[in-house]
Trainee: 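My questions will all concern the structure given below.
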2 protein chains.
Amino acid sequence: MAASRARTPRNTLSPELIVRTALELMESDGTSAFSLRGLAAELGVGPMALYTYFRNKDDLYDAVRNHLMGLLPPVPDGVPWQDQVRAVCRSLRSLMLQHPCLAQLLAGRPLSGQETARVAEGLLGVLRSAGFGKETAARTHTTLFTYVLGSTSWEIQMAAERRDPEAWRRLRTTMESLSATEFPTVVELAPELARTTGGDAQFDYGLDLLITGLEPQAN
Amino acid sequence: MAASRARTPRNTLSPELIVRTALELMESDGTSAFSLRGLAAELGVGPMALYTYFRNKDDLYDAVRNHLMGLLPPVPDGVPWQDQVRAVCRSLRSLMLQHPCLAQLLAGRPLSGQETARVAEGLLGVLRSAGFGKETAARTHTTLFTYVLGSTSWEIQMAAERRDPEAWRRLRTTMESLSATEFPTVVELAPELARTTGGDAQFDYGLDLLITGLEPQAN
DNA sequence: ACCTGAACACCGTTCAAGT
DNA sequence: ACCTGAACACCGTTCAAGT
């Protein structure tokens, strides 16, 4: 909002500045409220100035996602493969929690860019070193990646819901209106369900289930 | 497209007709191309006619999701709990594959409606009968649900990518440009990775890992 | 190359009005 | 109640033009 009046002088724009500002905007106003026109206003330029650096909105989205994926830490060395897998999955999850727009950018856009390959490389390397076969390593990578994506996206979604009073009221209303004869188990487990929509313990529970299932596959 | 010229007479609209037409439109033209104005045109009415039945676009989205969730088959009886869990998860997955918009409707909208509770009831009932504790049953439900959501959304995304020539070309270019020294494992496992982005075998692999991990929890 | 300004073809939604 | 029509405040993107 700060610079939306002042005209930014020429040659001060750059891909990095645009990506950084886009990210800030997505985080302050929400991913769905993001627009190229709003970004241009924030940067103090006309909407068309952005087209010098990005071919279209999706191209910018890819750049933001690539930037975020570059922030992932390297895989830790010298620990059992189970802990390496845990570390990679937790890193991705906490990056998504820090930057909620990443959930939409990963799920809603086709794959591209070197940075996405870096996650795959880290995880696949761990699995291969642990003795997983080629096909099993690839399958395991997809399984772990989609588990992290799905569970963390859901967690972000539920957290957003809790902040939106209207959505939260509707959810409470639905839960309370559930007939105890038609939905006995949901009604009985309502408190437990409310407690297990997210958080580290919930994430680790599912992750440990997967890792336990994986152990026979290693040699 | 058929009725976009003719004026539909009064009192022929209904929530059911609107939801059904919306679903058809999302499946023929893609979820992202869907608009209230396009839906109204298809129904042969003005855009504002829809607001008699739905408070806004999100309200219509919820109705479409609720309609789809109502199509889920009941949990099979008289088989081991592992097979019941498998059946519930596979049902949800195949419903998502049949109606790709469901992925976006589940991930992008807050929870609401009785139909979403039906899935939870089915799965939680199975787990409780198998001897899972309250908290463990709730945790397991969230884990299984987010696994199905994440893996199937990813599969749908990858399938869409394969149909889009531009996206597909970019992905191939990225994969081929990966340096074999920086990304040795990704390059080595490229064929396996391409084969394991989706399909029944990939889905069941992850599901079986989870179920294997769950077995000690049952009594 | 870098950026502007006007214009096009869209959106969801509000408001006042008609039946 | 059911629906229309005009209007508002937006979009992403193209095109021609300026520096």
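By convention in this document, chain letters (A, B, ...) are assigned in the order of the sequence lines, proteins followed by strands, and residues within each chain are numbered from 1.
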Trainee: Using heavy-atom distances to pick each residue's nearest nucleotide on DNA chain D, tell me which of A:Arg55 and A:Gly38 is more 5'.
Mentor: A:Gly38
Trainee: Among the nucleotides C:dC15, C:dC2, D:dC2, which one has an atom lying closest to any side-chain atom of B:Thr52?
Mentor: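 For the B:Thr52 side chain, the nearest candidate turns out to be D:dC2.
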Trainee: Go through C:dG12, C:dA6, C:dC3 for me and flag the one nearest to the A:Leu13 side chain.
Mentor: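 For the A:Leu13 side chain, the nearest candidate turns out to be C:dC3.
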Trainee: Whether the B:Tyr205 and A:Thr142 side chains hold a donor-acceptor pair (N or O, under 3.5 Å, no angle test) is what I'd like checked.
Mentor: no
Trainee: Of the nucleotides D:dA6, D:dT13, C:dC2, which one has an atom closest to the side chain of A:Tyr51?
Mentor: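 The answer is D:dT13, which lies nearest to the side chain.
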Trainee: Hey, mind stepping through A:Asp204 and A:Arg90 against salt bridge (charged side-chain N to carboxylate O under 4.0 Å, His left out) and telling me if it holds?
Mentor: CA-CA 9 Å; A:Asp204 286 340; A:Arg90 284 184 185 151; 3.1 Å; yes
Trainee: Which nucleotide sits closest to the side chain of A:Leu36: D:dG12, C:dC2, C:dT13?
Mentor: D:dG12
Trainee: Tell me: CZ of B:Phe54 to P of D:dC2, nearest whole Å?
Mentor: 13 Å
Trainee: CG of A:Leu39 versus P of D:dT13: gap in Å, rounded?
Mentor: 13 Å
Trainee: Between A:Tyr61 and A:Phe34, how do the two ring planes meet: parallel, tilted or perpendicular, split at 30° and 60°?
Mentor: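 It falls in the tilted class, 30° to 60°.
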Trainee: Grab the CG-P distance between A:Leu50 and D:dC11 for me, whole Å please.
Mentor: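 That distance rounds to 13 Å.
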Trainee: Closest approach to the side chain of A:Arg37, judged atom by atom: which nucleotide of D:dC11, C:dT14, D:dC3 is it?
Mentor: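 Between D:dC11, C:dT14, D:dC3, the one nearest the side chain of A:Arg37 would be D:dC11.
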Trainee: Starting the side chain at C-beta, find the nucleotide from C:dC2, D:dC2, D:dG5 nearest to B:Tyr53.
Mentor: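 Out of C:dC2, D:dC2, D:dG5, the nucleotide with an atom closest to B:Tyr53's side chain is D:dC2.
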Trainee: Is it the case that the side chains of B:Glu121 and A:Thr185 hold a donor-acceptor pair, with the cut-off being a distance below 3.5 Å and no angle test?
Mentor: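 There is such a pair between these side chains.
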Trainee: Does C:dT4 have a Watson-Crick or wobble partner in any strand here, with both distances under 3.5 angstrom, and which is it?
Mentor: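 Pair assignment: C:dT4 / D:dA16.
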Trainee: Please determine which of A:Gln202, A:Glu161, A:Arg162 meets the side-chain hydrogen bond (donor to acceptor under 3.5 Å, both in side chains) test together with A:Thr197.
Mentor: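 That would be A:Arg162.
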Trainee: Whole-Å distance between C:dC10 P and A:Lys57 NZ?
Mentor: 18 Å
Trainee: Just the rounded figure in Å: distance from C1' of D:dG12 to CG of A:Asp59.
Mentor: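 In whole Å, D:dG12 C1' lies 14 Å from A:Asp59 CG.
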Trainee: B:Leu43 CG to D:dC3 P: how many Å, rounded?
Mentor: 10 Å
Trainee: If you check the B:Pro47 side chain, which of C:dT4, C:dT13, D:dC3 turns out closest?
Mentor: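 Comparing C:dT4, C:dT13, D:dC3 against the side chain of B:Pro47, the answer is C:dT13.
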Trainee: Touch check for B:Ser35, heavy atoms < 4.0 angstrom, all strands: base, sugar-phosphate only, or nothing?
Mentor: sugar-phosphate
Trainee: Pick the nucleotide of DNA chain D nearest each of A:Met48 and A:Ala33; which residue has the one closer to the 5' end?
Mentor: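 Residue closer to the 5' terminus by nearest nucleotide: A:Ala33.
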